[in-house]
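Just below is one structure, and these are the notes that go with it.
Computed from heavy atoms alone, side chains included, the values below leave out hydrogens, waters and symmetry copies. Whatever order the structure lists them in is the order used to number ligands and atoms, beginning at 1.
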Amino acid sequence: MPTLRIVLGDQLSTEISSLKDIDQDHDIVLMCEVYSEATYVKHHKKKIAFLFSAMRHFASELRGNRKYHVEYFKLDDPEPLTTFTEAIERALKGANFDKIIVTSPGEYRVLSEITHWKEKFNIQVDIREDTRFLCDKSEFKKWSADRKNLRMEYFYREMRKKYSILMDGDQPVGGKWNFDTENRKPPNTNFEIPETFLSRPDELTLNVIKLVEKKFPDHMGDLTHFHFAVTAEQAQSALKQFITERLKYFGDFQDAMIQGEPWMYHSHIGLYLNCGLLLPLECVQAAEQSYHDGYAPLNAVEGFIRQILGWREFVRGIYWNEMPNYASLNFFEASRDLPSFYWDADTKMNCLHQSVKETAQNAYAHHIQRLMVLGNFALLSGISPPQVNAWFLSVYADAFEWVELPNVSGMALFADGGYLASKPYASGGSYINKMSNYCKSCSYKINKKNGPDACPFNYLYWDFLERNRGKLGNNHRVGMMYKVYDRMSEEKKLAISKDSNQFLSDLESNKGSVKSLS
Ligand code: DLZ
Ligand code: SF4
């Protein structure tokens, strides 16, 4: 009897474990576009278009080159489907199968759905390990057992050794594991920043774009100028372009932000890696090769490799170790609603305005916009973690819960109380000013610490620390800042609290519109 083999929307790799040992004459590969996956958070239109187009291209590759039998349910079929479970039900009605094989999904929610299939459909369901990752779940569990606080740096060193990446015998190339002290230079606005990878949408993609516009009109996002890679071959070209044109500056300027330059020197390959169009080891090895060939310096190459071989694997391990509990952690008991400007960019704070505007255009913002602008603001203002997580999960094309949740709840919001990061990434406006030119065209004054036209980050930072003294006071990495606060005059402390209360109450009543700006 044939086997039903499932390929989910973020498993678009011919290497995927669910396709191993396929009987191509008899087995059926099932892929499905379903409403629930596009709407359980309202995914950005460009993200849905990207995934559906990549899924359809992948199905056609499996049918064409590989001669597999693929059953593909589309959202524009006469009877579109709502859930994965409905898709299984329909497939099982169409033929008899001995079992279902699926690769373990990237999200706990989907895994829970899959685990019900055995009983519901009275069929064997094999859930295989996702071998596209470089550290499997049990290996991470073993590494993390008995460690109270997990630090990526030590995990990363193990991974470097395991895969022999940037190694000189048993020592790191260049004598150090981490070259971050050489990174993070402020931007220079005279830069010529290379274009991101631009692919021209084919007819299939244009049809998907029409479908998304029709079915999801109320989702955030701009569908014009769609230029993402949608096949593995195009994603390879995007990787190659990054390695040859931008990697050499990636380290130096990884925290830099320039108004009107959404892409900077970042790789923009996260969306391809996270849906299977690229594999992590090929990206790591391509970067390593460019160092050995003398195209990119060690600080850039090591920094890029650390993101993939270290951080990406590390957060995935934490996600699977800690779910489902991790999703409900709220160390600071933050409960404020997400301000509406996260959707419409309507705020006078220019850094936030630009970051949200670019997110709506591109389903992308780079690391430091996400962490130090959008995440930092949510942290300082005490916005409810589930709402912040839902936002990040829906708006970025690379976001799947395994990677989004630890990055947002753990790193940006410190909602896990320090399990993932040793201190909150809280910051006043000066870091944004140092790393960007946003402040120059902001309605607020970065150098003013208090008063109606002072940069809100400046007083919110101190107010956040003071509000959470009971929870952070003993954190030795934050201790210095409490000493600075304690030395301030009573008058200054009062001004911080007054300005913060005013700002946060205006935020709730949605004052602070940017309508007069562009
Ligand atoms: C994000 C997403 C969207 C928008 N749509 C689909 C879909 O229609 N079909 C599908 O197989 N996957 C989709 N995905 C990805 C899933 O929501 C989910 O993130 C992954 O399957 C990981 O568990
Ligand atoms: Fe952002 Fe403050 Fe700079 Fe305005 S002044 S752009 S709010 S950091």
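Judged by distance alone, the side chains of Tyr40 and Arg109 do bring a donor and an acceptor atom under 3.5 Å apart. A donor and an acceptor atom, one from each side chain of Glu466 and Ser497, are nowhere located under 3.5 Å apart. In this model, no donor atom of one side chain and acceptor atom of the other lie less than 3.5 Å apart for Lys440 and Asn433. His116 and Lys120 share no donor-acceptor pair across their side chains, judged by distance under 3.5 Å alone. For the residue pair Ser427 / Tyr461, no side-chain donor-acceptor distance below 3.5 Å is found, with atom types taken as modelled. Ser340 and Asp346 share no side-chain donor-acceptor pair at under 3.5 Å.
The side-chain heavy atoms of Cys455 and Asn458, taken from C-beta on, include a pair separated by under 4.5 Å.
Taking the six-membered ring where the residue is Trp, Tyr364 and His366 present tilted rings, their angle falling between 30° and 60°. Under the 30°/60° scheme for interplanar angles, the aromatic rings of Phe377 and Phe457 are found to stand perpendicular. A perpendicular orientation is assigned to the rings of Phe226 and Phe228, their planes being inclined by more than 60° (bins at 30° and 60°).
Of all protein heavy atoms, the one lying nearest to atom 4 (Fe) of ligand 2 is Cys442 SG, 2.3 Å. Of all protein heavy atoms, the one lying nearest to atom 2 (Fe) of ligand 2 is Cys455 SG, 2.3 Å. Nearest protein neighbour of atom 1 (Fe) of ligand 2, counting heavy atoms only, is Cys351 SG, 2.4 Å. Nearest protein neighbour of atom 15 (C) of ligand 1, counting heavy atoms only, is Phe400 CE2, 3.9 Å. Of the protein's non-hydrogen atoms, the one nearest atom 1 (C) of ligand 1 is Leu51 CD1, 3.4 Å. Given atom 3 (Fe) of ligand 2, the protein heavy atom at minimum distance is Cys439 SG, 2.3 Å.
Contact atoms of ligand 1 toward Pro105: 23 (O) (distance under 4.0 Å to a heavy atom of the residue). Atoms of ligand 1 lying under 4.0 Å from any heavy atom of His43, numbered from 1 in the order shown and given with element: 1 (C), 4 (C). With ligand atoms numbered from 1 in the order given, ligand 1 contributes 23 (O) to contacts under 4.0 Å with heavy atoms of Val110. Taking a cut-off of under 4.0 Å to the non-hydrogen atoms of Phe52, the atoms of ligand 1 that pass are 5 (N), 7 (C), 8 (O).
At a 3.5 angstrom cut-off on N or O pairs, Val34 counts as close to ligand 1.
Residue Met55 places a heavy atom less than 4.0 Å from ligand 1. Look at Tyr35 and you'll find every heavy atom at least 4.0 Å from all atoms of ligand 1. In this structure, Trp402 has no heavy atom closer than 4.0 Å to ligand 1.
When the options Cys32, Ala38, Ala87, Gly9 are ranked by their closest heavy atom to atom 7 (C) of ligand 1, first place goes to Cys32. Of the listed options Asp10, Asp130, Leu8, Thr83, Asp10 places a heavy atom closest to atom 20 (C) of ligand 1.
Residue contacts with ligand 1 for Glu37 involve both N, CA, C or O and side-chain atoms from C-beta outward (heavy atoms, distance under 4.0 Å). Contact annotation for Leu111 and ligand 1: no heavy atom of the residue comes within less than 4.0 Å of the ligand.
Between Trp391 and His43, the ring centre distance reaches or exceeds 6.0 Å.
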